[in-house]
Novice: 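This structure is in structure tokens; I'll ask about it shortly.
Computed from a prediction, not measured in an experiment: that's the story for all the values here. Here is how names work: the chains are called A, B, and so on, in the same order as the sequence lines, proteins then strands, and each is numbered from 1.
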Amino acid sequence: MEMEKLVSLCKRRGFLFQSSEIYGGFNGFWDYGPLGVELKRNIKDAWWRDMITGHDELSTPAGAAESFQMVGLDCTIIMHPQVWKCSGHYDLFHDFMVDCRQSKKRYRHDQVRGRWVEAKGKKIFVTIDPATEDESAEVERRALKFFKLRSKNKDELAWDGDFLSLTKLDDFSEVLGPDANELGTLTEPREFNLMFKTVVGALGSADDAAFLRPETAQGIFANFKNVCDSTRVKVPFGIGQIGKSFRNEITPRNFTFRSREFEQMEIEFFCRPDQSQEWYKYWRDRRFQWYLDLGLASERLQLRDHDADELSHYSTGTADIEYAFPFLPPGEFGELEGIAHRGDFDLRSHMEGKLDPNTNPLELEKDEHDQPRHRGSGKDLSYRDKETNERFIPHVIEPSAGADRAALAFLCEAYCEDEAPDENGKMQQRTLLKLHPRIAPIKAAIFPLVKKDGMPEVAQEIYRELKRDFNVFYDETGAVGRRYRRQDEIGTPFCLTVDSQTLEDQTVTIRDRDTLDQSRVPIAECAAELRRRIEG
RNA sequence: GCGGGUGUAGCUUAGUGGUAAAGCAAUGGCCUUCCAAGCCAUCGAUGAGGGUUCGAUUCCCUUCACCCGCUCCA
């Protein structure tokens, strides 16, 4: 399937538009049109119902160790700036970078190190790649090469001082970049802030800077104590949230896949540390099955466990649910959802201060004065088991899904072209979206076969009745075949048609989008039949 | 962020330094008794800004957006 065809259909039929298109568009932002908003809402509603409101806390689901509770939450997009310092996003998403005009490479400003050296009457600052292991040997090699000296003449190099970070220099005109062979190729350090910055308060100054959340998860951790105190939840339990998040992507690309404003569907599942591995596996498999059940059944969907070297030090497991989007090279997959075992990193960071993710067991991250790098809330976020009186900090399993990526994957998977007969029985190409009925924007279209003999009146009556429970659509224009095709293209799974027989026996035909099969259903049973086929 | 390519109607495309063309779609009508039929009519475009020119959609510059490759990526 070519991506351009899907993008074109999305625009033509009102699934997705480029944001601010009348002003030329805005990179990384996308709007959902009248059909797209229904699709996305159906996805979010399915998630919310399947994970939160529809969860049966009285029985033990297949694959789970015991029964558990699920509750929801809806937190603000802007939170106390300290949240992002303790979560690690502030440090991780906030860097000064320098670019090399010659090698086209980009480096963290504070990670580039080098030494001043003088030879042949010229003094330069030689830098090395931050990944270099033997810094001394490398800096010497590069200096010799720059001055066109043989290693036996290394005495001609006059070193001035020890290694320095690039942050100690103001002027880069005499700097040899890590991958450059001439001087002054590095740009001045530029701030890369992957978090959107804003100002709180109408007279806000720089001191009032706040951030739009780069993920919804932190709102859950910040409210962990509130939820425990207000709801009688007992570990194990999960808190779910759906909402917008914002990241200043460096390279937004691939339609809506990497957007700067996007919507997440996240669960933080809190459990006893000794049971966390079991729960991790449970959520990993359950979340994978959710996509399968909603129609991502092809080989384009995969569950991939991270290798050990991909894991954070404190995490004992992370898996990605990935989809082979058509815009990716063959064999490559894009992430739909990550299921991460986060241990107690988040709750403890919000208690004690930001922990160092490179430690295991986790330790508080300190600054150069041996003080906490980012102070925590100081609040006790541990959990007390009411029966055993045991107090502990729960471990967390985090299934974090992208709603927009899910919508895109469902669209990609649903798009297909087949052949259907025209009125002469000749096969014609047909474009259709084979969306699962649960997520299809319109559940059924109601047609009078022709616009006379009282058929429109009967069809409109059915339309009004079904409208009470379903998003249905009425159409009486043109030939019925054309109306079927229009619905096929937007993924409407069923069409109900009033014909002359309806006027005699009060039945209509129900047509299936994928098989083109038609059968007759009494008007009085249409709603029940639709419900059966949608939930089916 | 770098390099290359592309921007013409809702979609797919044509074309030109001098009135911008077509198919599909859409809308209204006629006709239509189950899978994009036909006929009539209607609506509708040169991404944005600037320059050269008597005149620019066409040439030049800038910018924005999209695509491809590289880079980066929670």
Side-chain angles (χ1 to χ4, degrees), chain A residues 2-5 7-14 17-29 33 84 87-95 97-108 179 187 190 192 194-195 214-215 217 245-255 257-258 262 264 310 312 318 320 327 329 334-335 338 340 357 400 402 419-432 447-453 455 476-489 495-503 508-513 516-518 520:
Chain A
E2 301 101 88
M3 202 57 200
E4 300 86 71
K5 285 186 175 179
V7 174
S8 167
L9 184 147
C10 284
K11 165 99 195 280
R12 184 157 38 87
R13 303 308 305 268
F17 307 125
Q18 206 178 0
S19 170
S20 318
E21 196 191 74
I22 60 168
Y23 288 107
F26 204 36
N27 194 328
F29 298 91
W84 307 112
S87 72
H89 289 88
Y90 183 82
D91 294 335
L92 197 62
F93 280 18
H94 187 264
D95 289 320
M97 308 288 282
V98 294
D99 288 295
C100 177
R101 297 187 188 90
Q102 187 192 14
S103 69
K104 309 300 183 197
K105 292 202 173 190
R106 175 175 294 155
Y107 314 92
R108 283 257 308 265
D179 297 280
T187 63
R190 287 177 291 191
F192 273 69
L194 263 43
M195 283 197 288
E215 62 170 40
S245 293
F246 303 80
R247 294 183 193 183
N248 250 324
E249 295 294 346
I250 294 169
T251 316
R253 211 173 268 198
N254 290 331
F255 206 21
F257 182 75
R258 180 162 291 162
F262 56 101
Q264 293 182 297
E310 283 181 274
S312 311
T318 296
D320 282 345
F327 48 76
E335 181 182 342
S400 170
E419 293 199 322
D422 64 14
E423 63 163 0
N424 301 318
K426 201 176 140 210
M427 296 308 272
Q428 299 285 346
Q429 185 181 305
R430 177 175 79 129
T431 300
L432 71 160
F447 304 145
L449 185 58
V450 288
K451 203 165 33 174
K452 60 182 185 185
D453 297 344
M455 292 181 202
E476 61 178 27
T477 58
V480 72
R482 175 192 218 61
R483 286 176 261 157
Y484 285 145
R485 297 298 173 87
R486 271 203 285 248
Q487 296 303 316
D488 291 340
E489 204 181 37
C495 294
L496 305 177
T497 303
V498 170
D499 56 17
S500 52
Q501 192 180 329
T502 307
L503 308 175
V508 297
T509 62
I510 181 166
R511 167 201 186 259
D512 183 276
R513 174 195 65 203
L516 304 178
D517 287 343
Q518 281 181 297
R520 297 202 77 89

Novice: Does the side chain of A/Glu215 reach to within under 4.5 Å of the side chain of A/Trp84, using non-hydrogen atoms?
Specialist: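 Yes, close enough: below the 4.5 Å cut-off.
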Novice: Expressed in whole Å, how much space separates the C1' atoms belonging to B/A56 and B/G15?
Specialist: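 Here B/A56 and B/G15 have their C1' atoms 15 Å from each other.
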Novice: For A/Arg258, check salt bridge (charged side-chain N to carboxylate O under 4.0 Å, His left out) against everything at least two apart and list the hits.
Specialist: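 Listed in chain order: A/Glu249.
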Novice: Between B/C61 and B/G69, how far is it from one P atom to the other, in whole Å?
Specialist: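 That atom pair is separated by 26 Å.
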Novice: Show the distances under 3.5 angstrom between N or O atoms of the protein and N or O atoms of nucleotides 41-43 of chain B.
Specialist:
none

Novice: For A/Asp517 and A/Phe327, find the nucleotide of RNA chain B closest to each by heavy atoms; which residue's nucleotide sits nearer the 5' end?
Specialist: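 Here A/Asp517 is the residue nearer the 5' end.
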Novice: Just to be sure I understand the rule, does A/Leu9 reach a base, reach only the sugar-phosphate, or reach nothing, if contact means heavy atoms closer than 4.0 Å?
Specialist: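 If one applies the 4.0 Å heavy-atom cut-off, A/Leu9 turns out to touch nothing in the nucleic acid.
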Novice: For A/Asp512 and A/Phe262, find the nucleotide of RNA chain B closest to each by heavy atoms; which residue's nucleotide sits nearer the 5' end?
Specialist: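 Whichever sits nearer the 5' end wins; that is A/Asp512.
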Novice: Looking across every strand, which nucleic acid part, if any, lies under 4.0 Å from A/Thr509 by heavy atom: base, sugar-phosphate, or nothing?
Specialist: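 Base, at least one base heavy atom under 4.0 Å.
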Novice: Just to verify, what does A/Arg513 make a side-chain hydrogen bond (donor to acceptor under 3.5 Å, both in side chains) with, not counting sequence neighbours?
Specialist: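 Scan of A/Arg513 (side-chain hydrogen bond (donor to acceptor under 3.5 Å, both in side chains), adjacent residues dropped) gives none.
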Novice: Regarding A/Arg258, tell me which of base, sugar-phosphate or nothing describes its non-hydrogen contacts under 4.0 Å with the strands shown.
Specialist: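 A/Arg258: base contact, heavy atoms under 4.0 Å.
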Novice: Select base, sugar-phosphate, or nothing to describe what A/Arg511 touches, counting heavy atoms under 4.0 Å on all strands.
Specialist: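 Result for A/Arg511 = base.
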Novice: Could you tell me which residues satisfy side-chain hydrogen bond (donor to acceptor under 3.5 Å, both in side chains) with A/Asp512, sequence neighbours excluded, listed by chain and number?
Specialist: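 side-chain hydrogen bond (donor to acceptor under 3.5 Å, both in side chains) list for A/Asp512, sorted by chain: A/Thr515.
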Novice: Please tabulate, one pair per line, each protein N/O and nucleotide N/O from nucleotides 11-14 of chain B that are separated by under 3.5 Å, including the distance.
Specialist:
from	atom 1	to	atom 2	distance (Å)
B/C11	OP1	A/Lys11	NZ	2.7
B/C11	O3'	A/Ser8	OG	3.2

Novice: Would you mind telling me which of B/C73, B/A26, B/A36 lies closest to the side-chain atoms of A/Arg485?
Specialist: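 The answer is B/A36, which lies nearest to the side chain.
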Novice: How is A/Arg430 classified with respect to the nucleic acid when contacts are heavy atoms under 4.0 Å: base, sugar-phosphate, or nothing?
Specialist: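 Nothing, no heavy atom under 4.0 Å.
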Novice: So A/Asp453, base contact, sugar-phosphate only, or nothing? Heavy-atom distance under 4.0 Å.
Specialist: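 Result for A/Asp453 = base.
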Novice: Under the ring-ring contact (aromatic ring centres under 6.0 Å, His included) rule, collect the residues that match up with A/Phe17, sequence neighbours excluded.
Specialist: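 With sequence neighbours excluded, A/Phe17 shows a ring-ring contact (aromatic ring centres under 6.0 Å, His included) to no residue whatsoever.
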Novice: In whole angstrom, give me the gap between the C1' atoms of B/U27 and B/C68.
Specialist: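 It comes out at 39 Å once rounded to the nearest Å.
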Novice: For A/Gln518, check side-chain contact (heavy atoms from CB on, under 4.5 Å) against everything at least two apart and list the hits.
Specialist: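 In terms of side-chain contact (heavy atoms from CB on, under 4.5 Å), with neighbours along the sequence ignored, A/Gln518 is linked to A/Tyr484, A/Thr509, A/Arg511.
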Novice: Not counting sequence neighbours, which residues clear side-chain hydrogen bond (donor to acceptor under 3.5 Å, both in side chains) with A/Glu335? List them please.
Specialist: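 For A/Glu335, no residue satisfies side-chain hydrogen bond (donor to acceptor under 3.5 Å, both in side chains) once neighbours in sequence are set aside.
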Novice: B/G51 and B/A9: how far apart are their C1' atoms, nearest whole angstrom?
Specialist: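 B/G51 and B/A9 have their C1' atoms separated by 28 Å.
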Novice: Of the nucleotides B/G1, B/U32, B/C35, which has the atom closest to the A/Val450 side chain?
Specialist: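 The answer is B/U32.
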Novice: Using the C1' atom as the point on both nucleotides, what is the distance between B/A65 and B/U42, in whole Å?
Specialist: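 Straight-line distance between the two C1' atoms is 32 Å.
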Novice: With a 4.0 Å cutoff (strictly under), does any side-chain N or O of A/Lys451 reach OP1 or OP2 of B/U32?
Specialist: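 Result: no.
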Novice: What does the 5'-to-3' dot-bracket notation of RNA chain B look like when only Watson-Crick and G-U wobble pairs under 3.5 Å count, and pairs to other strands show as |?
Specialist: (((((((..((((....[..)))).(((((.......)))))....(((((..]....))))))))))))....
Novice: Could you give the distance separating B/U62 and B/C2 at their P atoms, to the nearest angstrom?
Specialist: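 Per the computed distance, 13 Å lies between those P atoms.
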Novice: Between B/U16 and B/G7, how many Å separate the two P atoms, rounded to a whole number?
Specialist: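 After rounding to an integer number of Å, I get 13 Å for this pair.
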Novice: Sub-3.5 Å donor-acceptor pair from the side chain of A/Asp453 to the main-chain atoms of A/Met455, do we have one?
Specialist: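 Such a contact is absent between A/Asp453 side chain and A/Met455 backbone.
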Novice: Examine distances only and state if a side-chain atom of A/Arg483 and a backbone atom of A/Leu449 form a donor-acceptor pair shorter than 3.5 Å.
Specialist: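 The answer is yes, because a donor-acceptor pair under 3.5 Å joins these two groups.
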Novice: Apply side-chain contact (heavy atoms from CB on, under 4.5 Å) to A/Lys451 and list each qualifying residue two or more places apart in sequence or on a separate chain.
Specialist: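 Applying side-chain contact (heavy atoms from CB on, under 4.5 Å) to A/Lys451 gives A/Pro456, A/Glu476.
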Novice: Within this structure, what is the CZ-CG distance for the pair A/Phe447 and A/Asp499, rounded to the nearest 0.5 Å?
Specialist: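 Reported value, rounded in 0.5 Å steps: 13.5 Å.
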Novice: Between the protein and nucleotides 61-66 of chain B, list the N/O to N/O atom pairs that are separated by less than 3.5 angstrom.
Specialist:
from	atom 1	to	atom 2	distance (Å)
B/C64	O2'	A/Gly24	O	3.2
B/A65	OP1	A/Asn27	N	3.2
B/A65	O4'	A/Gly24	O	3.0
B/A65	O3'	A/Gln18	NE2	2.7
B/A65	O2'	A/Gln18	NE2	2.9
B/C66	OP2	A/Asn27	ND2	3.0

Novice: Please state the C1' separation for the pair B/U52 and B/C60 - nearest whole angstrom.
Specialist: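 About 7 Å, rounded to a whole number of Å.
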Novice: Holding to side-chain hydrogen bond (donor to acceptor under 3.5 Å, both in side chains), I want the full list of residues that pass it with A/Asp320, two or more places apart in sequence or in another chain.
Specialist: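 Checked A/Asp320 against side-chain hydrogen bond (donor to acceptor under 3.5 Å, both in side chains); matches are A/His306.
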Novice: Counting only side-chain N and O atoms of A/Arg482, is one of them less than 4.0 Å from OP1 or OP2 of B/A26?
Specialist: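 For A/Arg482, the contact criterion (side-chain N or O under 4.0 Å from OP1 or OP2 of B/A26) is met.
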